[in-house]
Number of protein chains: 2
Amino acid sequence: MTKGFSSVWTREGRSAKSTPGLSRDQIVRAALELLDAEGADGLSMRKLGAKLGAGATSIYWYVANKDELLELAYDEIWGEMVIADPEQVSWRYAAASFGKSMRQAILRHPWASRLIGRMPAIGPNALRATDRLRHAIAVAGFEGLEIDYAISTLTAYVFGMSIPETAFNEYLAKEEPDEEAMRAAVTQAMADYPEMVKRVEAYHNLDASQVREMSFDFGLYTVLDGLEARLVT
Amino acid sequence: MTKGFSSVWTREGRSAKSTPGLSRDQIVRAALELLDAEGADGLSMRKLGAKLGAGATSIYWYVANKDELLELAYDEIWGEMVIADPEQVSWRYAAASFGKSMRQAILRHPWASRLIGRMPAIGPNALRATDRLRHAIAVAGFEGLEIDYAISTLTAYVFGMSIPETAFNEYLAKEEPDEEAMRAAVTQAMADYPEMVKRVEAYHNLDASQVREMSFDFGLYTVLDGLEARLVT
DNA sequence: ACCTGAACACCGTTCAAGT
DNA sequence: ACCTGAACACCGTTCAAGT
């Protein structure tokens, strides 16, 4: 028993022009503010209504449900992902710039992590960004299904680094664990694995966010090298 | 204002032996059943209590909160991730086997996707699995911080493929969109990007899960090639 | 056309009270 | 030591009713 298909992007919007009361734009902007300020759990229809000086249920006039609202908010993040022009620079540089830009957009809006894959990314910003990456990959020389595979490989890597990173940042913000206590507990849990303890201790005096960036770059170039190897064959 | 550090794995368990009433094991097993059967949203303390023939709040005697319960459940998934012995096979084969095994474990337990990175993976199963991957990467020839970078690159790729995949599966299961309607809507949304439409149409007669597997393997070997390139340098 | 409040069916968690 | 029920402070969503 299917239900057709529905997405904000394929429904007729309510009166895009007239502005007697609220507007979809206004609602999305307010939702973004709430999400950026308080995280994914900070957005509730009641809070959003209050912020807009309206009843919680007024929002349902503009949006079918909370998921549609999140679809709209999610697409804004795609708007922040930029890519260098692959006609001007090497495809590697273009792809790398996109990867870094994706990561930054997600780190700026950690709440977006939870939405990745949860809804088809077919908003205008998502399509524009994806098409540009597709173009860069095509310029590189990939053809047919390998275009999609290459795109997936790159975006999966970026998502896979960024999603856990934001999740852990949220954990840190919420739980505020004592760093020393945490390290002690972790090394204790690793008592049976001395090599793992060494790994943890290697980071003792390093700046965490710098290490994450170095780690991200390492993997990014790894993926690009791997893609290049696929082109030669 | 930090709060020390707390995790199920570093707290004293409540009476691991005596079994007058419930037990932590029993609770975790029931939670896993609920999660596997109904997904991440299917687990509530009330439902879990009912399943165990107890009050919802009885669980709080064995577990500090729902997050601790999820930590316990999450570690079970790590127990399903296996790796070939890197002393017997090539490190590439070992790493590939781990990657495939990770993906399968996540696909079997889609609810685990949401937990990735949200809590330190320091349960016994997570540690054992991670240590084995670390060993394979060390056998390959990586040293120092690059061991961690290489591990992160591989796991990020697998997570980045699997998380959106499970999220989309959950979306499909919940919304049950009509396939034809969805494809029509998507291609319509892509009206301005003819090259993207071509990409979508390329999948018209292909088996979706087969394509996902091919795509996963493509990326996995891409990552492994990239890692190998890093070793030579 | 747009907005409202009440109501429904849920949540996680706390806590005093029971045995 | 273990379990309970009531209560608190929330959720998303529906819907009849208002203007």
Side-chain angles (χ1 to χ4, degrees), chain A residues 3 6 8 11-28 30-31 34-35 38-73 111 114-115 118-119 170-171 174-175, chain B residues 3 6 8 11-28 30-31 34-35 38-73 111 114-115 118-119 170-171 174-175:
Chain A
K3 310 176 192 171
S6 97
V8 231
R11 284 201 307 125
E12 284 304 309
R14 298 251 195 214
S15 59
K17 45 194 155 54
S18 70
T19 50
L22 295 172
S23 77
R24 195 181 251 188
D25 265 21
Q26 195 186 2
I27 291 171
V28 175
L34 228 34
L35 288 165
E38 303 185 31
D41 293 329
L43 175 66
S44 77
M45 300 308 256
R46 281 169 233 260
K47 274 196 211 169
L48 183 57
K51 192 180 169 81
L52 291 163
T57 53
S58 309
I59 299 153
Y60 286 87
W61 179 257
Y62 298 92
V63 129
N65 49 43
K66 196 184 177 184
D67 268 357
E68 276 204 5
L69 182 59
L70 289 173
E71 268 190 285
L72 292 164
W111 50 269
R114 299 196 196 175
L115 304 179
R118 230 187 71 183
M119 37 194 63
E170 277 179 346
Y171 164 82
K174 191 178 157 215
E175 303 289 335
Chain B
K3 310 174 191 170
S6 99
V8 232
R11 284 201 309 126
E12 283 304 310
R14 299 249 196 215
S15 60
K17 45 193 159 35
S18 70
T19 50
L22 295 171
S23 77
R24 196 181 251 189
D25 264 21
Q26 195 186 1
I27 291 171
V28 174
L34 229 33
L35 287 166
E38 305 186 29
D41 294 329
L43 175 67
S44 78
M45 300 307 257
R46 281 168 233 259
K47 274 197 210 168
L48 183 56
K51 192 180 169 80
L52 292 162
T57 54
S58 308
I59 298 153
Y60 285 88
W61 179 257
Y62 298 92
V63 127
N65 48 44
K66 196 184 177 184
D67 268 357
E68 276 203 8
L69 181 60
L70 289 172
E71 268 190 286
L72 292 163
W111 50 268
R114 300 196 196 175
L115 304 178
R118 230 188 71 182
M119 37 194 62
E170 278 179 346
Y171 164 82
K174 193 178 156 214
E175 304 288 335

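Because only heavy atoms are used, hydrogens play no part in the values below, and waters and symmetry mates are left out as well, while side chains stay in. Lettering of chains follows the sequences in order, A, B, ..., and the numbering in each one begins at 1. Nothing here was measured: the structure is a model prediction, and the numbers come from that model.
- Regarding B:Leu52, its CG atom lies at a distance of 13 Å from the C1' atom of D:dC3, rounded to whole Å.
- Nearest heavy atoms, A:Leu22 versus A:Ser58: CD1-CB, 4.3 Å.
- The same atom, C1', is picked in C:dA7 and in D:dC11; the two are 14 Å apart, to the nearest Å.
- Salt bridge status for A:Asp41 with A:Lys174: absent, with no side-chain N to carboxylate O gap under 4.0 Å.
- Between the B:Asn65 side chain and the B:Glu68 main chain, a donor and an acceptor come within less than 3.5 Å of each other.
- In DNA chain C, the stems built from three or more successive Watson-Crick or G-U pairs (distances below 3.5 Å) are C:4-8 with D:12-16, C:12-16 with D:4-8.
- In this structure, B:Leu48 places its CG atom 17 Å from P of C:dC10, rounding to the nearest Å.
- Taking every heavy atom of both residues into account, B:Arg46 and B:Ala56 meet most closely at CA-CB, 3.5 Å.
- Between the side chain of A:Arg24 and the backbone N or O of A:Tyr62, at least one donor-acceptor pair lies under 3.5 Å.
- In this entry the distance linking CD of A:Glu38 with P of D:dC10 reads 12 Å, nearest Å.
- Comparing D:dA9 with C:dC10, their P atoms sit 22 Å apart, to the nearest whole Å.
- The nearest whole Å value for the distance from the CG atom in B:Asp41 to the C1' atom in C:dA9 is 15 Å.
- The closest side-chain heavy-atom distance from B:Leu70 to B:Arg118 is below 4.5 Å.
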Can you check each nucleotide of nucleotides 12-19 of chain C against protein heavy atoms at under 4.0 Å and return B for base, S for sugar-phosphate only, - for none, in 5' to 3' order?
BBB-----

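- Protein atom CD1 of B:Ile27 is 11 Å distant from nucleotide atom C1' of D:dC3, rounded to whole Å.
- In terms of heavy atoms, B:Leu35 sits closest to B:Ala73 at CD1-CB, 4.1 Å.
- Residues A:Val63 and A:Ile27 form no side-chain contact, since every pair of their non-hydrogen atoms from C-beta on lies 4.5 Å or further apart.
- Distances shorter than 4.0 Å separate none of the side-chain N or O atoms of B:Trp61 from OP1 or OP2 on D:dC3.
- Smallest separation of non-hydrogen atoms from A:Ala31 and A:Leu48: N-CD1, 3.6 Å.
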